[in-house]
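See below for the structure under consideration.
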Amino acid sequence: MSAAPNLPPINAIRVFETAARLGNFTRTGETLGMTQAAVSYQVKLLEDRLGFALFERKARHVELTPRGARLARGTSDAFRLLERTFRDVREDRDSVLSVTALPTFCSNWLVPRIGAFQLENPQLAVRIDSRSDLVDIKAGEADIGIRIGKGEWPGLEARRLFGDTTAPLVSRAAAERFGPFNQPEDLLKLRLFGPMGWWRAWFTLAGGDASRLPERPALELETQTMEVSAAIASGDAATMVSPIYFAEQIASGALVAPFHAELDQDDAHYMVFDPTRAREPKIKAFIAWMLFQPMAFCLNRSEPAFPEAGKAVVNGQP
């Protein structure tokens, strides 16, 4: 079977390239694990396909014909290119870590922290895929995934990181202009951004009157990052988002969390990976680093630590 419609059989090309380098069919057979007769057959097959001789047979060696020498240069270059390409691919697999996660998690949580991982692991390059679509980690489309759910992804091991909660955030300008916010109804002085279902559930949790909420939000965008940016720009809005994504902005005072209550969404953030690859050095390094992050995050929050962080789940089973 030929490698391409216009190419001779790849095995014949490989035999020819080796024989051209060594100048001897016997040594070629020893190098490739073939008999001398098999080498002669593959060379004859190639010559018949091309319609001209590639070697002049001498008593103890073979010499390339002018056309054979020309072909030998091209095939040697081609095989060197193939070998370099396969070597680069193998090295890329070992030295490049690919991580897939949802856009808001990538831009607001992972990207600000990934530099610390690379400082600890300078031998690794990190590629981050922030597509919303789930990629096939078992097929090797990514090494590690950060997903939100209940830890049930067939064929993958899932390690719980932290829960998925939502709460209202307001910009510093809005807090100074419209505050204080002593009860949930005080937020009604602002425009409300984000899913209204989240707003109603949070109002009920916080002891507010959800019936006073508008029927629909003033703004609902594709990502939480967009909604927060819009709220900061407007100066008169509150947005219902996941506070964990905006910890730095809250710490700096750019955003204000006016209430302690956070709505539990019944899902959690999980790190997922192929368990058959868990011992690969780059994956082991990222797992160890990532599992430390919930602990570090909790040190900067008044809430208790996440007791389930790091719990292993395979196919939904702990």
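A quick note: this is a predicted structure, and the numbers were derived from the prediction, not measured.
- Under the 4.5 Å side-chain heavy-atom criterion for ILVMFWY residues, a single connected hydrophobic cluster contains both Ile114 and Val99.
- In this structure, the ring-ring contact (aromatic ring centres under 6.0 Å, His included) partners of Phe117, at least two apart in sequence or on a different chain, are Phe286, Trp289.
- The main-chain N or O of Val96 is found under 3.5 Å from a side-chain atom of Lys282 such that the two form a donor-acceptor pair.
- We find the CD1-CH2 distance between Ile244 and Trp109 to be 7.0 Å, quoted to the nearest 0.5 Å.
- For the pair Asp236 and Arg177, the salt-bridge criterion is not met [side-chain N within less than 4.0 Å of a carboxylate O].
- Of the possible donor and acceptor atoms, none in the side chain of Lys189 sits under 3.5 Å from a partner among the backbone N and O of Gly179.
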Legend entry - Asp77 vs Arg80, salt bridge (charged side-chain N to carboxylate O under 4.0 Å, His left out): CA-CA, chis, key distance, verdict: CA-CA 5 Å; Asp77 289 344; Arg80 280 197 296 270; 2.3 Å; yes

Inset, instruction - Verify side-chain contact (heavy atoms from CB on, under 4.5 Å) between Ile287 and Met271, making sure each step is shown before the conclusion. - result: CA-CA 8 Å; Ile287 291 173; Met271 173 174 52; 3.9 Å; yes

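- Residues Leu187 and Phe181 meet the side-chain proximity criterion, which asks for heavy atoms closer than 4.5 Å.
- Taking every heavy atom of both residues into account, Pro180 and Asp186 meet most closely at O-OD2, 3.9 Å.
- Under the 4.5 Å side-chain heavy-atom criterion for grouping Ile, Leu, Val, Met, Phe, Trp and Tyr, Trp199 is not connected to Leu221 through any hydrophobic cluster.
- Atom CZ of Phe52 sits in a crowded spot, with more than 12 heavy atoms from other residues, nucleotides or ligands closer than 6.0 Å.
- Salt-bridge check for Arg14 with Glu17: passed, with a basic side-chain N closer than 4.0 Å to an acidic carboxylate O.
- Without hydrogens or angle criteria, Asp164 side chain to Asp267 main chain gives no donor-acceptor distance under 3.5 Å.
- The closest side-chain heavy-atom distance from Leu161 to Met290 is below 4.5 Å.
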Inset, instruction - Dump the intermediate steps for side-chain hydrogen bond (donor to acceptor under 3.5 Å, both in side chains) on Asp264 and Thr165, then the final yes or no. - result: CA-CA 5 Å; Asp264 188 349; Thr165 64; over 6 Å; no

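- Residues Val241 and Leu188 do not share a hydrophobic cluster, clusters being chains of Ile/Leu/Val/Met/Phe/Trp/Tyr side chains in contact below 4.5 Å.
- A distance-only check finds no donor-acceptor pair linking the side chain of Ser76 to the backbone of Arg73 [under 3.5 Å].
- More than 12 heavy atoms of other shown residues, nucleotides or ligands fall within 6.0 angstrom of atom CZ in Arg191.
- Between Ser98 atom OG and Ile137 atom CD1 the span is 8.5 Å, to the nearest 0.5 Å.
- In this structure, the side chains of Phe25 and Val43 come closer than 4.5 Å at one or more pairs of heavy atoms.
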With a 3.5 Å cut-off and sequence neighbours excluded, list the donor-acceptor pairs that the side chains of residues 202-217 form with protein atoms.
{"from": "Trp202", "atom 1": "NE1", "to": "Ala261", "atom 2": "O", "distance (Å)": "3.0"}
{"from": "Thr204", "atom 1": "OG1", "to": "Arg200", "atom 2": "O", "distance (Å)": "3.1"}
{"from": "Asp209", "atom 1": "OD1", "to": "Ser211", "atom 2": "N", "distance (Å)": "3.1"}
{"from": "Asp209", "atom 1": "OD1", "to": "Ser211", "atom 2": "OG", "distance (Å)": "2.5"}
{"from": "Asp209", "atom 1": "OD2", "to": "Ser211", "atom 2": "OG", "distance (Å)": "3.2"}

Inset, instruction - Before giving the answer on side-chain contact (heavy atoms from CB on, under 4.5 Å), spell out for Ile128 and Val111 the whole-Å C-alpha distance, their side-chain angles and the decisive distance to 0.1 Å. - result: CA-CA 8 Å; Ile128 298 177; Val111 169; 4.1 Å; yes

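- When all heavy atoms of Asn24 and Thr28 are compared, the closest pair comes out as O-OG1, 2.7 Å.
- Smallest separation of non-hydrogen atoms from Gly151 and Tyr270: N-CE1, 3.4 Å.
- Leu291 is connected to Val126 through a chain of hydrophobic side-chain contacts under 4.5 Å among Ile, Leu, Val, Met, Phe, Trp and Tyr, so both are in one cluster.
- Side-chain polar atoms of Gln36 and Thr26 form a donor-acceptor pair below 3.5 angstrom.
- Taken from CG in Leu190 to OG1 in Thr239, the straight-line distance is 11.0 Å, to the nearest 0.5 Å.
- The only member of Thr75, Val39, Leu32 that meets side chain to side chain contact (heavy atoms under 4.5 Å, CB included) when paired with Thr18 is Leu32.
- Residues Val256 and Ser171 form no side-chain contact, since every pair of their non-hydrogen atoms from C-beta on lies 4.5 Å or further apart.
- Of all heavy-atom pairs spanning Pro195 and Met240, the tightest one is CD-O, 4.3 Å.
- Within the model, atoms NZ of Lys44 and CZ of Phe55 stand 14.0 Å from one another, a figure rounded to the nearest 0.5 Å.
- In summary, the aromatic rings of Tyr245 and His269 are positioned with their centroids under 6.0 Å apart.
- A salt bridge is defined here as a Lys NZ or Arg NE, NH1 or NH2 lying under 4.0 Å from an Asp or Glu carboxylate O, and Glu47 with Arg57 meets this definition.
- Salt-bridge check for Lys284 with Glu280: failed, with every basic side-chain N at 4.0 Å or more from each acidic carboxylate O.
- Residues Ser234 and Ala237 share a closest heavy-atom pair of OG-CB, 3.6 Å.
- The distance from atom CZ of Arg147 to atom CG of Leu156, rounded to the nearest 0.5 Å, is 6.0 Å.
- In this structure the side chain of Leu45 reaches within 4.5 angstrom of the side chain of Pro9, judged on heavy atoms.
- Hydrophobic clustering of Ile, Leu, Val, Met, Phe, Trp and Tyr side chains at less than 4.5 Å, counting indirect connections, keeps Ile250 apart from Leu263.
- Counting non-hydrogen atoms of neighbouring residues, nucleotides and ligands closer than 6.0 angstrom, the CD atom of Glu222 reaches no more than 12 such neighbours.
- Nearest heavy-atom pair, Pro103 versus Ser130, reported as atom, atom and distance to 0.1 Å: CG-O, 3.1 Å.
- Between Phe105 and Phe162, the two ring planes are tilted [angle within 30° to 60°].
- The shortest distance between side-chain heavy atoms of Ile144 and Thr100 does not fall below 4.5 Å.
- For the atom pair CG (Asp274) and CD (Glu157), the distance works out to 9.5 Å, reported to the nearest 0.5 Å.
- The salt bridge (Lys or Arg N to Asp or Glu O under 4.0 Å) analysis of residues 240-251, with sequence neighbours excluded, yields the pairs Arg113-Glu248.
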